[in-house]
4 protein chains.
Amino acid sequence: MPREVRERQMLDAAVAVFARRGYRAASMDEIAELAGASKPLVYLYLNSKEDLFSACIRREAEALIAAVRAAVDPGAPADRRLWNGLRGFFAHTAAHPDGWAVLHCQARTHGEPFALEVGALRQQLVDVVTQLITETAADGGCTAPLPETEVAGLAHALVGAAESLAGWSNERDGAASSEQETAATLMNFAWTGLENMAHGRRWIPIGA
Amino acid sequence: MPREVRERQMLDAAVAVFARRGYRAASMDEIAELAGASKPLVYLYLNSKEDLFSACIRREAEALIAAVRAAVDPGAPADRRLWNGLRGFFAHTAAHPDGWAVLHCQARTHGEPFALEVGALRQQLVDVVTQLITETAADGGCTAPLPETEVAGLAHALVGAAESLAGWSNERDGAASSEQETAATLMNFAWTGLENMAHGRRWIPIGA
Amino acid sequence: MPREVRERQMLDAAVAVFARRGYRAASMDEIAELAGASKPLVYLYLNSKEDLFSACIRREAEALIAAVRAAVDPGAPADRRLWNGLRGFFAHTAAHPDGWAVLHCQARTHGEPFALEVGALRQQLVDVVTQLITETAADGGCTAPLPETEVAGLAHALVGAAESLAGWSNERDGAASSEQETAATLMNFAWTGLENMAHGRRWIPIGA
Amino acid sequence: MPREVRERQMLDAAVAVFARRGYRAASMDEIAELAGASKPLVYLYLNSKEDLFSACIRREAEALIAAVRAAVDPGAPADRRLWNGLRGFFAHTAAHPDGWAVLHCQARTHGEPFALEVGALRQQLVDVVTQLITETAADGGCTAPLPETEVAGLAHALVGAAESLAGWSNERDGAASSEQETAATLMNFAWTGLENMAHGRRWIPIGA
DNA sequence: CATGAATGAGGATTCATTCAT
DNA sequence: TATGAATGAATCCTCATTCAT
């Protein structure tokens, strides 16, 4: 069996096991067995548990980013790009729950090396969203330019909302179209909020 | 030293170590040492690593919920209650980053017993937010009642956004007032979005 | 509470726990709890686990020997003395199963100090039986004096048979009179065998 | 080194250590060291201390039963079969004192799982003896059929006597031929007793 | 007389990792 | 390319035992 195929099988197995057990509780034995290979072979191809986990993160992160990028039509207006990006995000996380679990739940909780790796992914998502927010403001005829910090905050909020919704809609594995609905809910919530902010319509704490 | 004091020291140490290392990677040795007690005493008071982790989750969850509840003035209108709840949330998570890390990052990733425990906390947050959203719609003169599923989705989105922002604002531990700003950002984002939705103003995908 | 009473309670508890769990698996915690006293008190009165176990063995051994001795009427002929001794033995072991378990099952399996102690008990039983066998031979008009080694072997065989029957009759906790029957069975088995041997009637392996 | 060989070495070591120390006091460290292997290997091959002990019991029990069976010539008359069975029993226990110690002293004292296993062995011995007693009665022209309970009692008594003698003759590890003598002593004791009982000649307590 | 608080030492078990083949 | 055999190092947990009160 060619190395490339074997390696993919190993990564598949590793993602599944890491998702189910967590990094520390996952055992190389279980991964090797699920991959249908012997442990020494796993070490030959992937060096160590740490490297293996890194490889999982990288592969899944790239796949997610690629899915989101592919969903966005660069020529469309900002609102459609946000809408399509969200749909792509929800569709991919729904289709690859193990990969998503590794990225969202496991990677960040296990020390520097992995947190950095997954942090880079998150930053990419945030960057995409930041740009969309900025463009949205411009497209919508922004009358009150948003300070940079606030844009960053909004981007983080949006990504967090998306992540949370991804988990929620995965749990209630309802209709096949639920990912569409989930995206719509978030879009409704976010879009009008953004538009208002871009026009300086804000909520102001009374007396603050 | 009286038992109560020792027990609190142990929980403090455990929360710190669990936050830094994760459940599996945390060693009872390190926790005991940090608590300034011997391992057998930790076991005598808290039974097992699992029970200790559960106790951490419970304590931190109760503290967080209490902080949010305490921040909300039950007599105030819905928007102020949301605002105050958010401020309480951000203030508490900023003041107790380890506790928040245990709840948000660690607890959900380590098997049923803990996931259930922390799931209960999250549900409480979601419940509070759900109620606020509903009342907001009413207060704002809702013209288009939101379907129940959508309200749930919005609540999850809002909680996710808050969780994400909590992590973000903890990372850039800049100004002391940043928790105020963070709350304001989210409030602006969420409030206007909710208001619009409550009045049936929605974003509609063109051609969908 | 006077020391004597407390000490007896402790020994009672220890015998029960040692019988149920074995020496190593028995914990001083469990013993202290069952005795209704605190652990330091147990140590104050009985020094150590080893001493406690020794005390159990000694007490139970002395009780058993005393019971057998009390059952035997020194003036009776040899057969009646054997008969009464057996009845006393079975009655006592049936009435004190925990003590018997400690003596028979636990004490011998845990290293020199205890094995010696319980060995002494067993030797006393064997001595009594040895004497009975010798007298039986004399009473029955022995025509072929038995060599010393053989008498010792017979005594061990008889004690072993009695021990085995004690366990067996304890298991099938049938009629209240079963100890009587058990004694009768062994008596029938042993007595005629002894009588024959004393008269030189032996089983000889053909061709050996 | 092939697995089979290693596994046997481990069982040998385990039997020796369990015999010397008892189940609880035996440490896997000592067993592994005596076996000349590392602890993880012991666990890899034999799973756990409990399984290891079970494996010891099973191996030793099977060996003992096989030795007794092999010693008995199925075509011989009942008395010769009893005689040969006893010789086989004493020869095997004398040749494998550790195995016998594990079976007789240790296995019964350590909780259900092992007690059952060793109980099965004992039952097999008792069954063999029970059948011999019954046949003996028949061969000897039984005039007074023995009640079933009594036969069972006799069988237990005989096995107990044999067990006791095995221990005794092991202790005074005197002449090489002592196992022959031991068997002869027991045979003399038992055989004539059985014959008498089969003919209704009983010892009757005067006045009972 | 009685105990709550505390621990040093040790034991079962697991796991990432490496050779020799 | 592929693996059966093997282990050092750690981890959870328990227990007999002792003080200070």
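Only this structure's heavy atoms are used, side chains among them; waters, hydrogens and symmetry mates stay out. Proteins come first, then strands; the chains are lettered A, B, ... in the order of their sequence lines, and each starts at number 1.
- When rounded to the nearest whole Å, the span between CZ of A:Arg6 and C1' of F:dT1 equals 9 Å.
- Along DNA chain F, the nucleotide nearest to C:Arg24 and the one nearest to A:Pro40 differ in position, and the one closer to the 5' end is contacted by A:Pro40.
- For an aromatic pair to be called close, the ring centres must be under 6.0 Å apart, and A:Trp100 with A:His96 fails this.
- Residues C:Glu50 and C:Tyr23 meet the side-chain proximity criterion, which asks for heavy atoms closer than 4.5 Å.
- Residue A:Lys39 places a side-chain atom within donor-acceptor reach of the base of E:dT17, judged by atom type and a 3.5 Å distance cut-off alone.
- Straight-line distance from the CE atom of B:Met10 to the C1' atom of E:dT7: 12 Å, rounded to whole Å.
- Put simply, CG on C:Leu46 is 13 Å from P on E:dC1, counting in whole angstrom units.
- The nucleotide whose nearest atom lies closest to any side-chain atom of C:Lys49 is, among E:dA2, E:dA12, F:dT17, F:dT17.
- The residue among D:Tyr43 and C:Ala37 whose nearest nucleotide of DNA chain E is located toward the 5' end is C:Ala37.
- Among the heavy atoms of the strands lying under 4.0 Å from D:Ser27 are primed sugar atoms or P, OP1, OP2 only; no base atom is included.
- One can place CG of C:Asp51 at 14 Å from P of F:dA16, the figure rounded to the nearest angstrom.
- Distance D:Glu33 CD to F:dG8 C1': 15 Å, rounded to the nearest Å.
- Atom CD in D:Glu4 sits about 16 Å away from atom P in F:dG4, given to the nearest Å.
- The residue among A:Leu41 and D:Leu44 whose nearest nucleotide of DNA chain F lies closer to the 5′ end is A:Leu41.
- Atom P of nucleotide F:dA5 and atom CD of D:Glu7 are separated by 10 Å, given to the nearest angstrom.
- Nucleotide F:dT21 forms a Watson-Crick or G-U wobble pair with E:dA2, both donor-acceptor distances falling under 3.5 Å.
- Among the heavy atoms of the strands, none lies under 4.0 Å from A:Arg3.
- A 4.5 Å side-chain heavy-atom check between C:Val15 and C:Val102 finds at least one atom pair inside the cut-off.
- Between B:Pro2 and A:Tyr23, it is B:Pro2 whose nearest contact on DNA chain E lies nearer the 5' terminus.
- Listed for the A:Lys49 side chain is no donor-acceptor partner under 3.5 Å among the backbone atoms of A:Ser27.
- Backbone-only engagement by B:Ala26 is indicated by non-hydrogen atom pairs under 4.0 Å involving sugar-phosphate atoms exclusively.
- At a threshold of 4.5 Å between non-hydrogen side-chain atoms, the residues B:Arg24 and A:Arg21 do not count as touching.
- When both distances must be under 3.5 Å, the Watson-Crick or G-U wobble mate of E:dA12 is F:dT11.
- Nucleotide F:dT14 holds its C1' atom 13 Å from the CE atom of B:Met28, rounded to whole Å.
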